Amino acid sequence: MDKLAIESALGPETGSFIDEILVFDEIDSTNLESVRRIKSGRKGTRLIVAHAQTAGRGRRSRQWLSPTGGVYMSLSRGFTAEPQSMQALSLVTALSVLVAARRLGAADLQVKWPNDILSGKHKLAGVLLELRCEQDGNYLVFGIGLNLRLAPEAVAAIDRPVTDLATIVGEVLEPPTVIAAIASQLLTDIQKFEDQGFAPFQNPWNRYDRYLNQDIVIQSGGQRIIGKSLGVDQEGALILQSAAGRQLITGGEIFPSLGEIAGDADR
Ligand code: BTN
């Protein structure tokens, strides 16, 4: 995979929205590299991709195992909205990945609040947004990890059920095709979010929500709340019907049952 292949898969119109594309064989983390470049004052919209990562970062300070066979990409750009809207943008990003993967032939995908893309109970992709506040403004890094074709050893090393795009689609897609499809959908959705907020994404999210109308447990910090998921509101908060009434959840993680709350997973 090289930069030209990604540029060509993006096409001139979408390509014109990206100022710089960088491709690494191996890097610690594409999110970290994005942050380093923002800190050193390099502006614009940037796409960084890697064949493998040695220190991939997941949500909640988890490790994101990143052997070859995955897509590891970070899109970074200036961010003018309130930092509180990051949570909603994380949902938007997960939806962008789902929509792009559907276009590539992956049917029956679902989202798990706030940022997982699933096929059945198996995780296909995850999203990690990181905010960087600099003197000249705020910058946001949209980090996306998607399993393209995982080797059996990689599947065994990850201690939660995972799947890859090749298994779902029935063929191995070229990384530039997948990267361009995701980047292009994400750029469109970021623009829509900047213009209209989360509202246009509320119904699509609830349509693809794996746990809509199901009993779940939310773990947030040391707290666990049990209730029925009623989907997300216009701001992207999760509506939970619990014994205490309706609550809006803005952070934490969903578990289908108490029994699934175990130690930290690798992803
Ligand atoms: C999650 O925990 O589900 C989010 C995982 C996000 C992983 C991606 S891979 C590309 C980018 N670089 C990182 O270090 N993390 C994100």
Side-chain angles (χ1 to χ4, degrees), residues 1 6 21-39 45-77 86-87 89-98 100-101 109-119 121-132 139-150 154-155 157-165 175-176 178-183 185-186 210-211 219-220 251-255 260 262-267:
M1 170 176 51
I6 297 173
I21 298 177
L22 296 148
V23 180
F24 293 88
D25 279 338
E26 186 180 272
I27 195 164
D28 50 359
S29 150
T30 55
N31 269 26
L32 278 177
E33 181 62 21
S34 302
V35 169
R36 284 191 287 264
R37 284 174 189 255
I38 291 165
K39 274 163 93 174
T45 299
R46 183 177 300 113
L47 176 64
I48 302 185
V49 305
H51 288 273
Q53 298 182 123
T54 53
R57 290 143 70 96
R59 280 183 74 238
R60 305 167 77 79
S61 309
R62 285 182 187 143
Q63 180 191 9
W64 183 260
L65 286 180
S66 311
T68 53
V71 160
Y72 311 109
M73 58 187 280
S74 300
L75 185 82
S76 57
R77 45 177 266 154
M86 252 183 84
Q87 171 77 34
L89 253 181
S90 176
L91 271 64
V92 169
T93 309
L95 264 183
S96 307
V97 176
L98 179 144
L109 297 181
Q110 291 178 302
V111 283
K112 175 184 169 192
W113 189 90
N115 76 336
D116 288 353
I117 298 94
L118 308 176
S119 169
K121 288 185 175 169
H122 297 84
K123 183 158 169 170
L124 170 68
V127 165
L128 177 67
L129 265 56
E130 301 196 55
L131 180 68
R132 186 81 219 160
Y139 293 83
L140 200 51
V141 179
F142 299 80
I144 295 160
L146 177 140
N147 305 322
L148 207 51
R149 184 177 56 166
L150 290 180
V155 174
I158 300 168
D159 69 352
R160 65 170 59 183
V162 288
T163 188
D164 59 23
L165 202 58
V178 178
I179 291 162
I182 294 173
Q185 186 63 42
L186 181 57
R210 175 167 175 76
Y211 293 105
Q219 170 128 330
S220 180
E253 180 146 13
I254 289 184
F255 292 87
E260 292 203 24
D264 259 3
D266 259 332
R267 279 175 141 191

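Each ligand, and each atom within it, is numbered from 1 in the order the structure gives. From a predicted model like this one, the values you see are computed outputs, not experimental measurements.
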Polar contact flag for Y72 and ligand 1 (N/O pairs, less than 3.5 Å): no
Sub-3.5 Å N/O-N/O distance, R57 and ligand 1: yes
Sidechain-backbone polar pair: Y72 side chain, I48 backbone, donor-acceptor under 3.5 Å: no
Side-chain (N147) to main-chain (T163) donor-acceptor, under 3.5 angstrom: yes
Numbered atoms and elements of ligand 1 in range of [X], under 4.0 angstrom, heavy atoms:
| X | answer |
| --- | --- |
| S29 | 12 (N), 13 (C), 14 (O) |
| T30 | 10 (C), 11 (C), 12 (N) |
| G145 | 7 (C), 8 (C), 9 (S) |
| G56 | 14 (O) |
| R59 | 1 (C), 2 (O), 4 (C) |

Residue part near ligand 1, for [X], under 4.0 Å between non-hydrogen atoms:
| X | answer |
| --- | --- |
| L32 | neither |
| Q53 | side chain |
| M73 | backbone |

Inter-residue atom distance D28.CG - R36.CZ, 0.5 Å rounding: 4.0 Å
Approximate separation, where rounding is to 0.5 Å, of R210 CZ and D116 CG: 11.5 Å
L118, L109, L98 screened by side-chain contact (heavy atoms from CB on, under 4.5 Å) with L124, the one that passes: L109
Heavy atoms from other residues, nucleotides or ligands near CZ of R132 exceed 12 (cutoff 6.0 Å): yes
Heavy atom of K123, distance to ligand 1 below 4.0 Å: yes
pair L148-D164: side-chain heavy atoms closer than 4.5 Å: no
Reference residue N31; test side chain to side chain donor-acceptor pair (under 3.5 Å); the match among R57, E130, Q53: E130
